[in-house]
Amino acid sequence: EDQVTQSPEALRLQEGESSSLNCSYTVSGLRGLFWYRQDPGKGPEFLFTLYSAGEEKEKERLKATLTKKESFLHITAPKPEDSATYLCAVTLGDSWGKLQFGAGTQVVVTP
Amino acid sequence: EAGVAQSPRYKIIEKRQSVAFWCNPISGHATLYWYQQILGQGPKLLIQFQNNGVVDDSQLPKDRFSAERLKGVDSTLKIQPAKLEDSAVYLCASSRDRDEQYFGPGTRLTVT
């Protein structure tokens with residue numbers, strides 16, 4: 001069965017304390033891996049799409065990387081406004097557009 | 001560019017009642033999705049439309065859920081009758097090319 005697992009479930013960071021979130025997947029025929037950010041009471045906000053192992057993308061303090069089995073979201077020198085739930089999702093080649101989400105990592109950054 | 005609009009934002013109903021949610025996607029986006037997000041979980045796809053047609057509704061509980069997309073633009077999702085386990089946030093998303101999906105704010109449904 002296709003699965004997307006995120007770890008840790010929750011992460012508490014001091015402002016400036018860099019860390020990484022993990023998304024591991026056991027699917028066949030991966031088309032793309034997506035990272036979203038979700039704030040309380042809001043819908044997910046698109047961050048990145050990764051298509052092939054070795055690919056990296058950056059946006060401000062966030063950097064996403066992809067291997068054949070997992071993806072990492074690195075948060076460098078986080079600020080309190082980076083507090084959110086970060087969701088990972090995959091799409092498969094035979095079900096293009098159907099996002100399969102993990103449960104998310106809740107990140108809290110304290111001043 | 002205006003984002004995905006959804007209404008209502010909140011709804012409280014009793015079990016066995018019916019409810020409907022409305023979604024207006026980003027202009028020009030041919031693909032529209034409805035997701036269900038239960039507290040503490042990631043969103044789960046219920047149905048995907050490409051223009052007027054249904055692409056995937058394999059996870060839609062068809063005995064109680066229905067959805068339509070009028071003229072390839074707005075969409076409604078209906079639940080009839082509602083059960084306690086339908087309490088969740090219902091998210092609508094749209095995309096131009098079926099890769100990057102943009103989500104609306106969601107409708108929080110509470111079934112009592």
Side-chain angles (χ1 to χ4, degrees), chain A residues 1-10 21-25 27 30-52 55 57 59 64 66 71 73 84-107, chain B residues 1-10 21 23-26 29-51 53-60 69 88-110:
Chain A
E1 182 182 331
D2 296 337
Q3 281 198 328
V4 180
T5 305
Q6 292 188 246
S7 63
E9 291 183 6
L21 315 182
N22 177 264
C23 172
S24 64
Y25 56 93
V27 301
L30 179 77
R31 171 178 169 80
L33 186 139
F34 300 77
W35 283 98
Y36 282 82
R37 168 193 171 124
Q38 187 171 27
D39 292 298
K42 296 187 177 181
E45 174 189 344
F46 172 77
L47 293 174
F48 304 109
T49 310
L50 301 166
Y51 290 105
S52 56
E55 189 174 0
K57 288 194 177 172
K59 180 180 179 179
L66 181 66
S71 176
L73 184 66
T85 295
Y86 291 86
L87 295 163
C88 164
V90 300
T91 56
L92 306 182
D94 62 353
S95 57
W96 190 30
K98 179 178 179 178
L99 286 173
Q100 297 184 39
F101 281 89
T105 295
Q106 185 178 26
V107 175
Chain B
E1 181 180 66
V4 176
Q6 290 188 247
S7 67
R9 291 296 315 278
Y10 306 91
F21 313 125
C23 172
N24 180 244
I26 294 172
H29 282 195
T31 311
L32 184 147
Y33 314 78
W34 284 101
Y35 288 85
Q36 179 192 59
Q37 186 174 25
I38 293 171
L39 187 64
Q41 298 181 18
K44 182 183 83 172
L45 180 69
L46 293 175
I47 189 166
Q48 176 184 347
F49 291 95
Q50 179 78 14
N51 296 310
V54 175
V55 174
D56 186 335
D57 64 357
S58 58
Q59 298 189 98
L60 186 74
R69 188 174 185 196
V89 175
Y90 290 85
L91 295 162
C92 179
S94 70
S95 67
R96 187 181 304 277
D97 56 11
R98 282 198 279 177
D99 272 355
E100 297 176 11
Q101 297 181 24
Y102 296 88
F103 286 79
T107 297
R108 180 176 298 277
L109 174 67
T110 302

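Residue numbering restarts at 1 for every chain, and letters A, B, ... go by the order of the sequence lines.
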Worksheet item: What residue, out of B:Ala93, B:Pro105, B:Gly106, has the most heavy-atom pairs lying under 4.5 Å from chain A?
Response: B:Pro105

Fill in: Validation row: A:Leu99, B:Tyr33 side chains within 4.5 angstrom (heavy atoms)
no

Practice prompt. Measure distances from B:Thr107 to the heavy atoms of chain A and classify the residue's part below 4.5 Å as side chain, backbone, both or neither.
Written response: neither

Discussion item. So, using side chain to side chain contact (heavy atoms under 4.5 Å, CB included) as the criterion, who are the partners of A:Phe46 when residues are at least two apart?
Written reply: A:Phe34, A:Tyr36, A:Thr49, B:Glu100, B:Tyr102

Item to complete: Specify which of A:Glu45, A:Gln106, A:Gln38 makes the most heavy-atom pairs with chain B at under 4.5 Å.
Response: A:Gln38

Worksheet, complete the sentence: CG (A:Leu87) and CD (B:Gln37) are apart, to the nearest 0.5 Å, by 6.5 Å

Worksheet item: Who passes side chain to side chain contact (heavy atoms under 4.5 Å, CB included) against A:Ser24, sequence neighbours left out?
Response: A:Thr5, A:Asn22, A:Glu70

Worksheet, complete the sentence: Whatever's closer than 4.5 Å to a heavy atom in chain B on A:Phe48 counts as neither

Discussion item. With a 4.5 angstrom heavy-atom cut-off, is it the side chain or the backbone of A:Gln6 that approaches chain B, or both, or neither?
Written reply: neither

Fill in: B:Gln59 to A:Lys98 - nearest heavy-atom pair and separation
NE2-CE, 3.5 Å

